[in-house]
Amino acid sequence: MTSVCFTETMSGQLSWQPNIDAQHPELKDIDAFKIADQVTHQMVLKDISIEVKIPNKKQLTASQYQKGLPGKITAGQLWLNPLFNKTNQALTTQHQLTILSGRFTLFRHINANTKHMQYVLIATNANHSRFFLVHGFKKVSNAGFSWLKPWRIWQDTTTLFTSLYALTPDVTQHKQISLDKIRDILVYNQPSAYGVIYIYPWRFIQQLISFSIKATHPLRTLKQFLVFFIRSLTQVYFSKQHSKNR
């Protein structure tokens, strides 16, 4: 198995759910999460290291286009930065959380009109006393797309919708979470906060510069990755169903 590696930085805003103190008493002693009313933070996923696995095949199968290419997130930071009120007083203190591990899926098929880039990662504070699950997806959809709005492709591939879950210590006793446990968390728990974060143009340039390939034949691996990426976009934006609806 060969792979394509890159680092990615996204930033935006995160809004905490009302009454979070009552719902998550484990957060009360963390200044960044002490809120009486809904508070918005700046959220940054900084320098997350992503490795996308590329099968050793000349051509990817239809099943792989359905499932998407799997990957892993091996490093990075989650920053929650304070905002300021009208008197220029910080509402919270800054928190920098370390990403322990995570999963990434490139262009998972959702339906004929939609694919997702999916992110799931675990972050913790400096002394490993608090753990958080970040679940996010970039929604690539042909809804509202036309040749008159080509910038929609940029918006779809650079906008990450995120949910943040506060985890109890028993869930993360080994600092790793199984896929089944992640599914349970997403199904049976309400997120502590929601956010929308973006890759800005200068960050995108940094991402391109960071690209590297782990393969015996790197050019062939790069070609496979680019073909998968472009074909996946084509399947969404220029699908037969979309053509019928125009």
Side-chain angles (χ1 to χ4, degrees), residues 1-10 45-77 98-123 134-142 145 150-160 176-179 182 197-240 242:
M1 185 74 71
T2 58
S3 60
V4 172
C5 307
F6 55 90
T7 60
E8 193 171 60
T9 295
M10 296 170 277
L45 280 177
K46 181 173 175 56
D47 295 333
I48 58 173
S49 298
I50 300 175
E51 182 176 346
V52 181
K53 297 179 180 178
I54 311 295
N56 288 317
K57 298 179 180 179
K58 290 185 178 180
Q59 191 170 6
L60 299 178
T61 65
S63 175
Q64 286 165 328
Y65 276 92
Q66 288 278 328
K67 295 178 180 178
L69 293 181
K72 60 182 180 179
I73 299 171
T74 58
Q77 291 184 320
T98 300
I99 295 171
L100 295 177
S101 62
R103 295 183 176 90
F104 173 77
T105 305
L106 181 62
F107 292 132
R108 182 176 181 84
H109 177 86
I110 304 301
N111 56 50
N113 304 306
T114 306
K115 290 180 182 286
H116 281 180
M117 299 187 205
Q118 298 176 333
Y119 298 69
V120 177
L121 53 91
I122 305 300
V134 179
H135 174 259
F137 64 92
K138 296 175 183 174
K139 183 179 180 181
V140 178
S141 171
N142 66 29
F145 175 79
W151 58 85
R152 269 288 313 280
I153 298 177
W154 168 263
Q155 292 176 345
D156 287 355
T157 55
T158 59
T159 302
L160 185 70
Q176 295 289 336
I177 301 180
S178 68
L179 188 58
I182 289 173
I197 58 178
Y198 309 92
I199 301 176
Y200 290 97
W202 61 92
R203 295 294 191 185
F204 180 68
I205 294 173
Q206 292 175 338
Q207 180 175 336
L208 292 178
I209 294 173
S210 73
F211 264 74
S212 63
I213 299 172
K214 296 180 180 179
T216 305
H217 304 286
L219 291 180
R220 186 171 68 186
T221 299
L222 178 60
K223 178 183 176 181
Q224 284 181 299
F225 177 81
L226 293 176
V227 168
F228 175 83
F229 198 97
I230 294 170
R231 185 178 176 187
S232 295
L233 292 178
T234 301
Q235 289 174 343
V236 172
Y237 294 117
F238 309 110
S239 65
K240 293 180 180 179
H242 182 223

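The figures that follow rest on heavy atoms only: side chains count, while hydrogens, waters and symmetry mates do not. All values derive from a computational prediction rather than experimental measurement. Note that the numbering runs from 1 along the sequence shown for the chain.
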Query raised in the report: Who pairs with Phe204 by ring pair (Phe, Tyr, Trp, His ring centres under 6.0 Å), at least two apart in sequence or on another chain?
Result: Trp154
Report task. Indicate yes or no: at least one non-hydrogen side-chain atom of Arg103 is less than 4.5 angstrom from one of Pro70. Result -> no
Query raised in the report: If we only count heavy atoms from C-beta on, is the Val4 to Leu222 side-chain gap below 4.5 Å?
Result: no
Report task. Please examine the side chains of Tyr119 and Ile48, heavy atoms only from C-beta on, and report whether any two atoms are closer than 4.5 Å. Result -> yes
Query raised in the report: Should we count CG of Leu208 as having more than 12 external heavy atoms under 6.0 Å?
Result: yes
Query raised in the report: Is any side-chain heavy atom of Asn56 closer than 4.5 Å to a side-chain heavy atom of Thr2?
Result: yes
Query raised in the report: Going from NZ on Lys53 to NZ on Lys214, what distance comes out if it is rounded to the nearest 0.5 angstrom?
Result: 10.5 Å
Report summary line: To the nearest 0.5 Å, atom CG of Leu106 lies from atom OG of Ser232 at 6.5 Å
**Report entry** Pairs satisfying side chain to side chain donor-acceptor pair (under 3.5 Å), at least one member in residues 63-75, at least two apart
**Finding:** Thr61-Gln64
Query raised in the report: Can you tell if the side chain of Ile73 reaches within under 4.5 Å of the side chain of Ser101, non-hydrogen atoms only?
Result: no
Query raised in the report: Out of Lys138, Arg203, Lys46, which one pairs with Glu8 under the salt bridge (Lys or Arg N to Asp or Glu O under 4.0 Å) rule?
Result: Lys138
Query raised in the report: Do Thr105 and Phe137 come within less than 4.5 Å of each other through their side chains, counting heavy atoms only?
Result: no
Query raised in the report: Of the options Thr9, Ile199, Leu121, which is the one that meets Leu45 in a side-chain contact (heavy atoms from CB on, under 4.5 Å)?
Result: Leu121
Query raised in the report: Rounded to the nearest 0.5 Å, how far does CD1 of Ile205 lie from OH of Tyr200?
Result: 15.0 Å
Report task. Would you check if Phe107 and Val236 make a side-chain contact, meaning some heavy-atom pair closer than 4.5 Å? Result -> no
Query raised in the report: Under 3.5 Å, side chain of Thr7 to main-chain N/O of Ser49, donor-acceptor pair present?
Result: no
Query raised in the report: Can you name the nearest heavy-atom pair linking Ala215 to Thr221, along with the distance?
Result: CB-OG1, 3.1 Å
Requested in this report: Please name the pair of heavy atoms, one in Cys5 and one in Glu51, separated by the smallest distance, quoted to 0.1 Å.
Outcome: SG-CG, 3.6 Å
Query - Gln235/Lys115 under side chain to side chain contact (heavy atoms under 4.5 Å, CB included): CA gap, chis, key distance, verdict - result: CA-CA 9 Å; Gln235 289 174 343; Lys115 290 180 182 286; 3.2 Å; yes
Report task. Could you walk me through whether Thr114 and Val140 pass the side chain to side chain contact (heavy atoms under 4.5 Å, CB included) test, one step at a time? Result -> CA-CA 6 Å; Thr114 306; Val140 178; over 6 Å; no
Query raised in the report: Sub-3.5 Å donor-acceptor pair from the side chain of Arg152 to the main-chain atoms of Ser141, do we have one?
Result: yes
Query raised in the report: CG/Leu160 to CD1/Ile197 distance, rounded to the nearest 0.5 angstrom?
Result: 4.5 Å
Query raised in the report: How are the rings of Phe6 and Phe225 set to each other: parallel, tilted or perpendicular (split at 30° and 60°)?
Result: tilted
Query - Derivation and outcome, side chain to side chain contact (heavy atoms under 4.5 Å, CB included), residues Tyr237 and Ile153 - result: CA-CA 9 Å; Tyr237 294 117; Ile153 298 177; 3.6 Å; yes
Query - Sub-4.5 Å side-chain heavy-atom contact between Ile54 and Leu69 - result: yes
